[in-house]
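One structure is given here, and the rest of the page talks about it.
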Amino acid sequence: MLNKTNKRILSMTMAFVMAGTCVLGALAEPTDSQAAKKPKLKTKSVSLLEGKKKTIQITGKRKKAKYTFKASNKKIKVSKKGVITAVKKGTAKVKVSETYKKKKKTIGTVKVTVKKMVNPKKTTAPQVPATPAVSAPATPAASAPAQVIQSEAPTAAPTPVVRPTIEPAYETKTLDFDGSTSKVVESELTVPLEKAMLYGGLCTVTAEFTQETGSAQDIFVGYDGTYLSFKKNGAYIDKNSFKDEAMSDTKSFSCPSGEKTRQEFTFEVPKYSKDFNLKFSGAGKFTVENVTVKTQPFASADYASMVANSTTSTGNNARIKKAIAKAQAGEDVTIAYLGGSITEGFAASETDNSDCYAETSYKQFKKIFGAGDGSNVHFINAGMSGTPSSLGIVRYQRDVLDQMKTGEYPDILFIDFAVNDGNDADTYESIIRTALEHGSAVVLMFVLYTGGCAHEAEYTQYGKYYDLAMVSPAKGMASCTKEEFDKWFYWIEGNTDTSYGHPDVGGHRYMADCITNMFLTIDQEEEEEDNITDVNELAPKKSNKFQGMKTLLSSTDLSQNPSVKSVDPGSFSELTDSAQSTLQYIKDGKENMQWFPDVWKHSSGSESFKATINCRSLIVAYKMSGSSGKANCYIDGKLIGEIGGDGWNNAGLLRALQEDEVKEHELEIRMKDGDEKKPFTIFAIGYCD
């Protein structure tokens, strides 16, 4: 169970996201009443490699209506069932129409971008440590007779490119018994399958059995294992918490003597399992052969399609292709993830944060594209619970740029704020522009949440405007039932309370697989020219007021930040505040680091906090707490607003200044009359100089 503080954290996190529409709730099959008169396109734009396919999704279909699809040109083909096939590089549109009660109307148009597959004749195979590419040796040209002038040797056939593939959480595999597909079992055989069912779900075992005892014998097929010691925001769940669920199951059948019998068994493996072992046993000797193990999260899941359909756009691929090439060449590459509680790793881990989607996808990139052991690929987790974009832009310098071990800027930056944002589109865009200005490849990550990504539809427009890669695991769920998906991919406390709809271990792994699919898709594309060489030459879609924001903390060295002319803390002189939440990952080599370890805290007194800064924009981040007092914020002596109030020790935000030109301004924060003896904490100040 969560303590009261953590429950408040989660309930407030819910408050951030409930303002939006529910994306995931729309995934269940519509009823007649739901579909009454408004079928809509769920698929509005598609990016495909030549030869690839994707099905157009329509919500609210009428049972007796007919739906037709018409391609605008021969760059693509589209079937009667709405399956698009990419034919040739270029763009096209698919007009989708509905005929109902003899009336035909257009539902909408799907924009299709076809990208060219990399020409294997011109491409060097990437390094894949796990499964290195094996090239067949070229056949040497035959030697010409000595008296004959040798003509130019024929060109050897190009070596086919072996490209990496994803190692998914769920797959079908045939068991290998020391190089053989069969195994003689004497009473019992245990086959360790490591973490084949780490995330729970359905395991279907198909095998052929023979025995020669002279009479029918019972043969038993089953599994056993142990539960994860599962960390959830400080609380642990281990196998003792599952007293009503045994981590094992066994089925049996009567095997006749002298006949080969094919059998299939399906087990529903509980969530949070590990050390999965497949077991075969019987009273006498028997042979088992051609054993296949198919794993899937639930019956309606086509996991491979779910993963493939989550890449909604690969955008302009130049910067990601560059990062992949650097990693393969052994150069240092940094992947950073900036976002909220899901990026931080809430409900994701076993005993640490290694199962978080951010860390898992980084490890997959490192394994597939890194040189040697992949140590040239580096990782930054900059997730923090309850963070909207307006706090993300304040944290960007401290939590991303200052964490760089090599180089100045991340090669790839994932941005996850579509869940927590309110009216934060301008700061969301400012993070995009800041990273693009630094030369980073930007990926918009629309993480899983049972309430949906409230701003996914809105923020997708920013992805299109800047031509960015976008990953939407929810978009891959069109074929799934919501009930099954919720059961297997989300953490529900006590398995009954649906208020905390964060993805759990399985949900995080699914998101990681979706990200890896995006990387592998881009790896197969023909490289494009970077479409943004200078983002400042491109007008903002909405605002660039907070582009390039820096972080001012109580520990900031002012000698290295000349735009900050002075800081006088006044009665805000305490530099720590122990009443804070802590990060769920290791930062700066420390576990349980406070969100803001370097603060300006007021306990008593009436002296103002003052800072003189050359800037054009200012954001003040402060602690929201039921015990805190309130303060007034002034810019150049003018009252801007009141800050403070009730909360769960989360960050409140005030946009104190937004101007076009950099000027010297004085920021003053003064406790309200009557609150001089109440605590108040300034977490950080963001400024653009």
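What you see is a predicted model; the values in this text were computed from it and never measured.
Within a 6.0 Å sphere centred on NZ of K542, heavy atoms belonging to other residues, nucleotides or ligands number more than 12. For NZ of K75, the number of neighbouring non-hydrogen atoms (other residues, nucleotides, ligands) closer than 6.0 Å is greater than 12. With a 6.0 Å radius and a threshold of 12 heavy atoms from other residues, nucleotides or ligands, K53 has its NZ atom at or below the threshold. By the 6.0 Å contact criterion, NZ on K587 is enclosed, its count of non-hydrogen atoms from other residues, nucleotides or ligands being greater than 12. Environment of NZ in K326: crowded, with over 12 heavy atoms of neighbouring residues, nucleotides or ligands closer than 6.0 Å.
A side chain to side chain donor-acceptor pair (under 3.5 Å) with Y466 is found for exactly one of Q461, K541, R433, namely R433.
For the residue pair T556 / N561, no side-chain donor-acceptor distance below 3.5 Å is found, with atom types taken as modelled.
Here the CG atom belonging to L444 is positioned 10.0 Å from the CD atom belonging to E456, to the nearest 0.5 angstrom.
When atom types are taken as modelled, the side chain of K550 and the backbone of Q397 share no donor-acceptor pair closer than 3.5 angstrom. Side-chain atoms of D513 come within 3.5 Å of backbone N or O of A169 as a donor-acceptor pair. Looking only at distances, no side-chain donor or acceptor of S440 sits under 3.5 Å from a matching main-chain atom of L436.
Both the sub-6.0 Å distance and the 45° axial angle are satisfied by R398 relative to the ring of F596.
With ring centers used as reference points, Y337 lies under 6.0 Å from F379.
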